[in-house]
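Let me begin by presenting the structure, written as structure tokens, before commenting on it.
Just so it is clear, the structure is predicted and the values come from calculations on it, not from any experiment.
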Amino acid sequence: MAQRSLRQLQAALAQFQAWQRAEPVTFALGYVAVYVLAATLSLPGALLLTVAGGAMFGLWWGTLWVSVASTLGATLAMLVSRYLLRDWVQARWAARNQGLQQRLARDGAWVLLSLRLVPVVPFFLINLAAGLTQLPARTFWWVSQLGMLPATVVYVNAGTQLASIRSLADVTSPRVWGALLLLALLPWVLRPVLGVLQRRRALAPWRAKRPSRFDRNVVVIGGGAAGLVASYVAAAVKAKVTLVEAIALGGDCLHHGCVPSKALIRCAAQAHHMRQAAQYGIHAEGVRVDFAAVMQRVRDAIARIEPHDSHARYTGLGVDVVHGHAVLESPWHVRITRADGSALTLSTRAVVLATGATPVVPPVPGLEGAPYVTSDTLWQHLNGLSQAPGRVVMVGAGPIGCELAQALARLGSTVAMVEQGPRVLPREDAEVSQAVAEALHADGVRLYGEHQACAVHRRAQGYVLEVAAGSQHKELPFDLLVFAVGRAPRTAGYGLEALGLSGARAVQTDDHLQTACPTVFVAGDATGRQPFTHAAAHQAWHAAVNALFGWVWRVPLQDQPMPAVTFTDPEVGRVGLNEAQAQAQGLRCEVTRYDLAELDRAITDGQTQGWIKVLTVPGKDKILGVTWVGAHAGEGLAEFALAMRHGLGLGAVLRTVHAYPTWSEAAKATAGRWRQAHAPRLLLRLLQAVHHWRRR
């Protein structure tokens, strides 16, 4: 059978070769035209055409025709993307290839050359992405011609060797196996070579400052979640590491974010539950909030967690901890200025920048002198109060704003929330925003959607925030104005500009968290990626490993499900896509919904508000995203995140035994709801007939 197939292939090849010898020009032009058409339209089969070119034309002519045709086709595909299909490409592909598009726009020819030499990204995607940039067509042409040439030679050579097979015995010849081995080794050979060239090119302006010996293997700048994890990883593998922190170890999460806010939310929830205790048959009259004691509990929570991130602990782990401000003086030198004014300069193989983010304060006229705070400075203000602030205006209705607004309202403040968009939590589905808005309203928070903060004025009765909705203006009096409109990466003042890196916004990195300066890696909020503490820790592991071992082994930061929780009541937990995001990306999906009012444990706990919504691939149980609204959403989300990370579908969740009665059963019940919707109807009718027959 194999011998007959081989003879058929030989006969077909002989016919093409005869045609090529009889009309060489016509045949070559026809081949080029077919190749150009396939490349322009991104049709499959370009690889086979390349190999066929070697079989029909030989090594040198085959290389010439394939090189010309592939470059011409790629350039035409880029121009079609740019001028004819730009809107379609933007809508269909830009979101998925945003990183590739940004790299091409930023570094142009060099990035294109690297992608052509080591084809880790399909060529048709490169062509489409390049069409959305300003890369000149002539540059795209010659870089593609040069970059694709090595692979073209290897594939054409493979075609010439395959064409030489006359019998099955020839398949095992050294020439054939050598050609196939060269195909397999090409990416592995070119990748390190290209990496060395890129590194040398990027560091060339600094070559004179490269030290002959290094004081440290890595210097980590920033002692928040990302910096602590990065330094811990480095110390664990016995690298010499210095961790530099200007203020206090633990970062924003410990001192201004996750820890104090969740401690405050817990106190507020306790007060709320006491007021609602009558529904459980318990009457707690005269609930009084001792705000000073509440804030003392917040401080106690910080104090109990602080040793986990302390100077003593990390020094004991083998980390050299230095308190001061760090500035990059070269790709290998970090200057540290201590609080007492003394300075220290360290040479290092690599730097991990983990400087976090800072709250954004919009330029509202009249702010100077007004009692306003951000999510960072709020805690210092609250620590000085004996009772909850009377009138609070919260600007911003994202996760931080919603959490703080509800907590302060439950502790006794009168809270107004101003949001320039139409709804709270704008990144969530509309029904999620509605549920949270209703909960905030029930707790006494007044919502001002589609209102713009215009100015702060001082009146006889105190300060007011002027807000506007269209032509309608109103004034909201406040004792405390809180801005929670987002956070910006903290990247200025670290010497990044001198290295050719951004010093005013998020630092751009590749998939290995390496910047355009090869010795500098970034993790956490400074990357501008997912602004979560757990995401920062996840990135920090990759940054540290790549900084230390990237010369022999690199680990890409692969996209994986990243859970996020808004700790309002009800909680909002999400991992993967929600419906709004799926629709924006044009993804078809099925939605399975389970109301928590049907869960036995929710009924016994009296917490039946909320639902679980799972998005799956149509007709399959593969999970695309989960949104959990209700009690224990953050905890229940973990099972879905685990399933998504390891490619387990709802069927696996359904087959897992869950303890009764627990909140975790909600995941199984949701999976069961999906199974009911996909029950084999024909098989069930057949079984019904069988059972009916057996009863006779």
With a 4.5 Å cut-off on side-chain heavy atoms, are [Y] and [X] touching?
X      : Y      : answer
Pro489 : Asp525 : no
Val591 : Val614 : no
Leu648 : Val653 : no
Asp605 : Trp663 : yes
Trp674 : Asp621 : yes
Thr566 : Val436 : no
His678 : Glu590 : yes

To the closest 0.5 Å, what do you measure between [atom1] ([X]) and [atom2] ([Y])?
X      : Y      : atom1 : atom2 : answer
Leu254 : Ile305 : CG    : CD1   : 6.5 Å
Leu654 : Lys668 : CG    : NZ    : 6.5 Å
Ile265 : Leu408 : CD1   : CG    : 9.5 Å
Arg593 : Thr670 : CZ    : OG1   : 11.0 Å
Phe567 : Ser261 : CZ    : OG    : 8.0 Å
Glu665 : Arg601 : CD    : CZ    : 10.0 Å

Is [X] reaching over with its side chain to a backbone N or O of [Y], donor-acceptor style, under 3.5 angstrom?
X      : Y      : answer
Thr656 : Ala652 : yes
Thr608 : Ile603 : no
Thr40  : Leu37  : no
His632 : Gly630 : no
Ser231 : Gly227 : yes
His256 : Asp252 : no
Asp429 : Glu431 : no
Asp510 : Leu513 : yes
His441 : Ala439 : no
Gln530 : Phe532 : no

Can you give me the closest heavy-atom contact between [X] and [Y], atom names plus distance?
X      : Y      : value
Pro570 : Val629 : CG-CG1, 4.0 Å
Ala666 : Leu599 : N-CD1, 3.8 Å
Thr491 : Arg505 : OG1-O, 2.8 Å
Ser433 : Val424 : OG-O, 2.7 Å
Cys258 : Cys253 : SG-SG, 2.8 Å
Phe521 : His512 : CD2-O, 3.7 Å

>> Gln406: which residues meet the side chain to side chain donor-acceptor pair (under 3.5 Å) condition with it, sequence neighbours left out?
In response: Asp443

>> side-chain contact (heavy atoms from CB on, under 4.5 Å), that's the test. Do Val626 and Leu615 meet it? Break it down for me.
In response: CA-CA 6 Å; Val626 179; Leu615 275 60; over 6 Å; no

> Quick one: salt bridge (Lys or Arg N to Asp or Glu O under 4.0 Å) pairs with a partner in residues 568-583, sequence neighbours left out?
Replying inline: Arg410-Asp569, Glu428-Arg574, Glu579-Lys613

> Please, which pairs that meet salt bridge (Lys or Arg N to Asp or Glu O under 4.0 Å) have at least one residue in residues 672-685, sequence neighbours excluded?
Replying inline: Glu598-Arg673

> Among side-chain atoms of Asn546 and Trp553, is any donor-acceptor pair under 3.5 angstrom?
Replying inline: no

>> When you compare the side chains of Thr509 and Arg529, does any donor N or O come within less than 3.5 Å of an acceptor on the partner?
In response: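 Checked: Thr509/Arg529 side chains pair up, N/O donor to acceptor below 3.5 Å.
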
>> Walk me through whether Arg487 and Asp376 qualify under side-chain contact (heavy atoms from CB on, under 4.5 Å).
In response: CA-CA 10 Å; Arg487 300 174 67 84; Asp376 280 6; 3.2 Å; yes

> What about His538 and His534, are their ring centers closer than 6.0 Å?
Replying inline: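 No, they do not, as the ring centres are separated by 6.0 Å or more.
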
>> Assess the residue pair Gln539 and Thr527 against the criterion (side-chain contact (heavy atoms from CB on, under 4.5 Å)); give the C-alpha distance rounded to whole Å, side-chain angles, the decisive distance to 0.1 Å, and a yes or no.
In response: CA-CA 9 Å; Gln539 293 171 15; Thr527 65; 3.4 Å; yes

> Around atom NZ of Lys262, are there more than 12 heavy atoms of other residues, nucleotides or ligands at under 6.0 Å?
Replying inline: yes

>> So that I can tick it off, tell me whether Arg423 and Glu450 are bridged by a salt bridge, with the cut-off set at under 4.0 angstrom between side-chain N and carboxylate O.
In response: no

>> Run the side chain to side chain donor-acceptor pair (under 3.5 Å) test on Gln581 and Arg427 for me, step by step, so that the C-alpha distance in whole Å, both residues' side-chain angles and the decisive distance to 0.1 Å come before the verdict.
In response: CA-CA 9 Å; Gln581 292 173 326; Arg427 295 184 180 180; over 6 Å; no

>> Can you classify the ring geometry of Trp628 versus Phe640 as parallel (below 30°), tilted (30 to 60°) or perpendicular (above 60°)?
In response: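 Perpendicular, since the angle between the ring planes exceeds 60°.
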
>> Apply side-chain contact (heavy atoms from CB on, under 4.5 Å) to residues Val572 and Leu425 and explain how you reach the verdict.
In response: CA-CA 10 Å; Val572 177; Leu425 300 181; 4.3 Å; yes

